[in-house]
Amino acid sequence: MGRLTEAVAAGGGASAARSAGPPPTPLPLPSTSLGCTATMASSEEDGTNGGASEAGEEKEATGKRRRLGLLATVWLTFYNIAMTAGWLVLAIAMVRFYMEKGTHKGLYRSIQKTLKFFQTFALLEIVHCLIGIVPTSVIVAGVQVSSRIFMVWLITHSIKPIQNEESVVLFLVAWTVTEITRYSFYTFSLLDHLPYFIKWARYNFFIILYPVGVVGELLTIHAALPYVKKTGMFSIRLPNKYNVSFDYYYFLLITMASYIPLFPQLYFHMLRQRRKVLHGEVIVEKDD
Ligand SMILES: CCCCCCCCCCCCC[C@@H](O)CC(=O)SCCNC(=O)CCNC(=O)[C@H](O)C(C)(C)COP(=O)(O)OP(=O)(O)OC[C@H]1O[C@@H](n2cnc3c(N)ncnc32)[C@H](O)[C@@H]1OP(=O)(O)O
């Protein structure tokens, strides 16, 4: 895997190179604490040129595939196709449910198995970063995936009375549209046939969908608070033989508060990716 890691680090930012456009505008940006430095650095290290010609782009894409290694490319293609299909199935199930029943009540219950399966499968994204077959920072992917896993298993699955909240629909719709776009973007990129509208959607939809998803998630956790307080679920009270106490209610409050520093970092990370991929800007890291 060591060679793969090196290879991908060298190939990071290929999609930026593929997005032909005006010559890159160097953009000095401070690094953020979520580890964006690695992502930005990769676009510098590879020396990609935002104004590359068609032939140059073609060569770049082929070069990237070769550097990534056949096994990693095949696996990622399979993974991305499976994830696109999974989230498409989820979207179709949601639309069908709403058209048949005319209400969102019961929607979560009807799609929960598919949602749990595909969102849990996304844990592999952290593994992909760890073994170096995708250039994303482990911390960025870790925060993104773990907050989703937390929402699915420790909130919506575990607290039945909140499953019919409108806020659940809010984050489900935001996640679903995002993931269909994102995984199809990765799939078409790997196959070197990326339609511009998918690239555009990947790097524009999030501007609205990210805040919508976050509002949905926060409102859902908020709706769970009274139930958690009343039942004392997942809490450990003293005295006990390990002399440990844990209050899930306060844990949820802290989790909600943690969105304040963490979400802007993910959002700005995506804005930087957007500038890099859609506008071919080369992001130059400022030394702290
Ligand atoms: C237990 C307690 C938990 C406490 C939680 C605390 C809360 C913290 C706040 C968290 C808020 C999250 C809210 C969120 O859940 C709400 C929503 O998601 S709403 C819907 C809108 N969301 C989005 O738009 C974000 C979607 N997510 C992502 O885009 C990614 O997960 C993210 C890691 C954020 C960004 O991805 P990345 O940095 O990888 O950017 P790119 O997609 O541009 O990719 C960069 C390069 O990597 C290559 N890549 C990545 N993945 C793949 C893959 N699967 N297959 C192939 N290639 C891949 C990509 O092609 C790029 O390569 P290159 O530059 O060489 O072209």
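Both ligands and their constituent atoms are indexed starting at 1 by order of listing. We number each residue from 1, following the sequence as shown.
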[X] vs [Y] side-chain heavy atoms within contact, under 4.5 Å:
X: Leu124; Y: Trp75; result: yes
X: Ile133; Y: Val127; result: no
X: Trp153; Y: Thr120; result: yes
X: Ser235; Y: Tyr249; result: no
X: Gln112; Y: Arg109; result: yes
X: Gln119; Y: Trp87; result: yes
X: Val214; Y: Tyr259; result: yes

If you count the atoms of ligand 1 from 1 in the order shown, which ones are under 4.0 Å from a heavy atom of [X]?
X: Tyr203; result: 41 (P), 42 (O), 43 (O)
X: Lys276; result: 64 (O)
X: Pro135; result: 46 (C), 47 (O), 48 (C), 62 (O)
X: Phe206; result: 24 (O)
X: Val214; result: 13 (C)
X: Asn80; result: 53 (C), 54 (N), 55 (N), 56 (C)
X: Gly213; result: 19 (S)
X: His269; result: 35 (C), 37 (P), 38 (O)

| request: Mark yes or no for whether Thr136, through its side chain, and Cys129, through its backbone, hold a donor-acceptor pair below 3.5 Å. | output: no

| task | Using modelled atom types only, decide if a donor and an acceptor are shared between the side chain of His104 and the backbone of Asn164 within a distance under 3.5 Å. | result |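 A pair under 3.5 Å: yes.
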
Residue part near ligand 1, for [X], under 4.0 Å between non-hydrogen atoms:
X: His128; result: neither
X: Tyr267; result: neither
X: Leu154; result: neither
X: Val145; result: neither
X: Met151; result: neither

Do ligand 1 and [X] have nitrogen or oxygen atoms that lie under 3.5 Å from each other?
X: Thr136; answer: yes
X: Tyr186; answer: yes
X: Glu125; answer: no
X: Ser146; answer: no
X: Tyr210; answer: no

| said: Going by the closest heavy atom to atom 36 (O) of ligand 1, which one wins out of Arg182, Arg202, Gln273? | reply: Arg202

| request: Would you tell me which option among Tyr259, Phe171, Phe150 has the nearest heavy-atom contact to atom 9 (C) of ligand 1? | output: Tyr259

| request: Could you tell me whether ligand 1 has any atom less than 4.0 Å away from a heavy atom of Ser189? | output: no

| query | So, Tyr267 versus Phe206, ring centres under 6.0 angstrom or not? | reply |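 Centroid distance Tyr267-Phe206: below 6.0 Å, so yes.
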
| query | Between Tyr79 and Tyr186, is the ring centre distance below 6.0 Å? | reply | no

| field | Qualifying residue for side chain to side chain contact (heavy atoms under 4.5 Å, CB included) with Thr187, from Leu194, Ile198, Thr84 | value |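 With Thr187 as partner, side chain to side chain contact (heavy atoms under 4.5 Å, CB included) holds for just one option, Thr84.
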
| said: Go through it in stages, so that I can follow the logic: the residues are Trp200 and Phe197, the test is ring pair (Phe, Tyr, Trp, His ring centres under 6.0 Å), and I'd like the CA-CA distance, side-chain angles, deciding distance and then a yes or no. | reply: CA-CA 5 Å; Trp200 185 91; Phe197 78 89; 9.5 Å; no

